[in-house]
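Position 1 is the first residue of the sequence; numbering continues from there.
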Amino acid sequence: MTRTPVIAGNWKMHLTRRKASALARAVAAHHAGAVHRRCILFPAFVHLDHVRRNIRGSGVVLGAQNCWGKKEGAFTGEISPYMLRDMGVEVVLLGHSERRHILGETDALLTDKLKVALRAKLEVLLCVGETRSEREEGRTLDVVKRQLRILRFVKDHQIPRVGVAYEPVWAIGTGLTATPAQAQEAHAAIRETVARILGDEAAENLPVLYGGSVKPGNAAELLSQPDVDGALVGGASLSIDQFGPILDAAPIA
Ligand code: 13P
């Protein structure tokens, strides 16, 4: 990945097939021709193929919300990153806070997922972020640094396929947003930590996206921070009326 601004929509467990296809078409039409930003959509697994067909030729990138940590085998109900790649998926989200906190995903599990996803030639967008109580206890940066430690398993040639999304748990779906200063502080700490793990050049080129109640009204200011390279948008990615202006907030270098 590079530091071209990235605007990504995480559709979570929303939309019907028909609505996902229509929204994908609308995003594709809005984004087509833009070269100063990347646009990635993360639909539910069952909608991937429909979205793929509707974004074809637009430059919108197909992403998946999760994958399993093995290439293949007896893992009923799980999806291999190789299957995603075969389907045309280019990016996978790993470690979203809903998966860490609702489904109990651990750093050990995420290590397996990271390794196999990278081996399958996917890009990985690793999500990190503190809970409200961790922030109140002053542990934000410790938590984020711990979550980043799994990046030590990234091999040199895989570094260009890794990005990070900082998503403070208390800001997700709550309408509360990190202030631009809070986001910048966390993003700078993420870049410093990645420099220690993977080297200065890797850190300099690392895309670090912000997520947590990004809306048309706050996107531009968040994206203007020096270490904020993009937005991972949940609720506001579900309508083109909101996602379109967020796409347009991506700065032109
Ligand atoms: P919201 O934009 O709905 O707060 O969700 C953010 C998120 O979790 C994106 O992955």
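- Between Arg139 and Glu130 there is no salt bridge, since no side-chain N of the basic residue sits under 4.0 Å from a carboxylate O of the acidic one.
- Side-chain heavy atoms closer than 4.5 Å link hydrophobic residues (I, L, V, M, F, W, Y) into clusters, and following such links, possibly through other members, connects Leu222 to Val144.
- Rounded to the nearest 0.5 angstrom, Leu125 CG and Asn10 CG are separated by 9.5 Å.
- Looking at Gln65 and Trp11, their side chains never bring a donor and an acceptor atom within 3.5 Å of each other.
- Ile172 and Val214 fall into different hydrophobic clusters, defined by Ile, Leu, Val, Met, Phe, Trp and Tyr side-chain heavy atoms under 4.5 Å apart, directly or through other members.
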(message) Using the rule given for side chain to side chain contact (heavy atoms under 4.5 Å, CB included), can you reason through Leu118 versus Val154, listing the C-alpha separation, both sets of side-chain angles and the distance that settles it, and then say yes or no?
(response) CA-CA 8 Å; Leu118 289 171; Val154 175; 3.9 Å; yes
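- Checked by atom type and distance alone, the side chain of Tyr210 pairs as donor or acceptor with a backbone atom of Gly212 at under 3.5 Å.
- Under a 3.5 Å cut-off, the side chain of Asp112 and the backbone N or O of Leu109 do not form any donor-acceptor pair.
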(request) Go through the steps to decide whether Val27 and His30 satisfy the test side chain to side chain contact (heavy atoms under 4.5 Å, CB included), and finish with yes or no. (result) CA-CA 5 Å; Val27 172; His30 195 103; 5.6 Å; no
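- In terms of heavy-atom proximity, Ala28 sits nearest to Val60 at CA-CG2, 3.9 Å.
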(request) Evaluate side chain to side chain contact (heavy atoms under 4.5 Å, CB included) for Ser80 paired with Val116, printing each intermediate quantity in order. (result) CA-CA 9 Å; Ser80 161; Val116 184; 5.6 Å; no
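- At distances below 3.5 Å, not a single donor-acceptor pair connects side-chain atoms of Glu123 with backbone N or O atoms of Gly163.
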(request) Apply salt bridge (Lys or Arg N to Asp or Glu O under 4.0 Å) to Arg146 and Asp107, showing your working. (result) CA-CA 9 Å; Arg146 192 200 68 228; Asp107 286 335; 3.7 Å; yes
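- The shortest non-hydrogen separation linking Ala64 to Phe42 is O-CD2, 3.3 Å.
- Using modelled atom types and a 3.5 Å distance limit, the side chains of Glu134 and Thr131 yield a donor-acceptor pair.
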(message) Is there a side chain to side chain contact (heavy atoms under 4.5 Å, CB included) between Leu232 and Tyr166? Walk through the geometry before answering.
(response) CA-CA 9 Å; Leu232 181 54; Tyr166 170 62; over 6 Å; no
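- Checking His96 against Glu167 by side-chain atom types alone, a donor-acceptor pair falls below 3.5 Å.
- Note on Val128 and Val169: separate hydrophobic clusters, where clusters join Ile, Leu, Val, Met, Phe, Trp and Tyr whose side-chain heavy atoms are under 4.5 Å apart, directly or indirectly.
- A chain of hydrophobic side-chain contacts below 4.5 Å, direct or via other Ile, Leu, Val, Met, Phe, Trp or Tyr residues, connects Ile240 to Ile55.
- Contact between Ser21 and Asn54 at its shortest, heavy atoms only, is CB-ND2, 3.3 Å.
- The aromatic rings of Trp68 and Phe75 sit tilted relative to each other, their planes meeting at an angle between 30° and 60°.
- Between Lys113 and Glu105 there is a salt bridge, since a side-chain N of the basic residue sits under 4.0 Å from a carboxylate O of the acidic one.
- Between Arg37 and His31, the side chains place a donor N or O and an acceptor N or O closer than 3.5 Å (distance only, hydrogens not considered).
- Arg85 and Glu90 are not joined by a salt bridge, as no carboxylate oxygen comes within less than 4.0 angstrom of a charged side-chain nitrogen.
- Comment: Asp229 engages Arg191 in a salt bridge, judged by a side-chain N to carboxylate O separation of less than 4.0 angstrom.
- Arg135 places no side-chain N or O within donor-acceptor distance of the main-chain N or O of Thr140, the cut-off being under 3.5 Å.
- Atom CG of Leu41 and atom CD1 of Ile7 lie 11.5 Å apart (nearest 0.5 Å).
- The SG atom of Cys127 sits 9.0 Å away from atom CG of Leu209, with the distance rounded to the nearest 0.5 Å.
- Rounded to the nearest 0.5 angstrom, Asp227 CG and Ile190 CD1 are separated by 9.0 Å.
- Leu62 and Leu23 end up in the same hydrophobic cluster when Ile, Leu, Val, Met, Phe, Trp and Tyr side chains are linked at under 4.5 Å.
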(message) salt bridge (Lys or Arg N to Asp or Glu O under 4.0 Å) for Asp49 and Arg52? Distances and angles first, verdict last.
(response) CA-CA 5 Å; Asp49 203 39; Arg52 182 183 62 78; 2.7 Å; yes
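- Checked by atom type and distance alone, the side chain of Arg196 never pairs as donor or acceptor with a backbone atom of Thr193 at under 3.5 Å.
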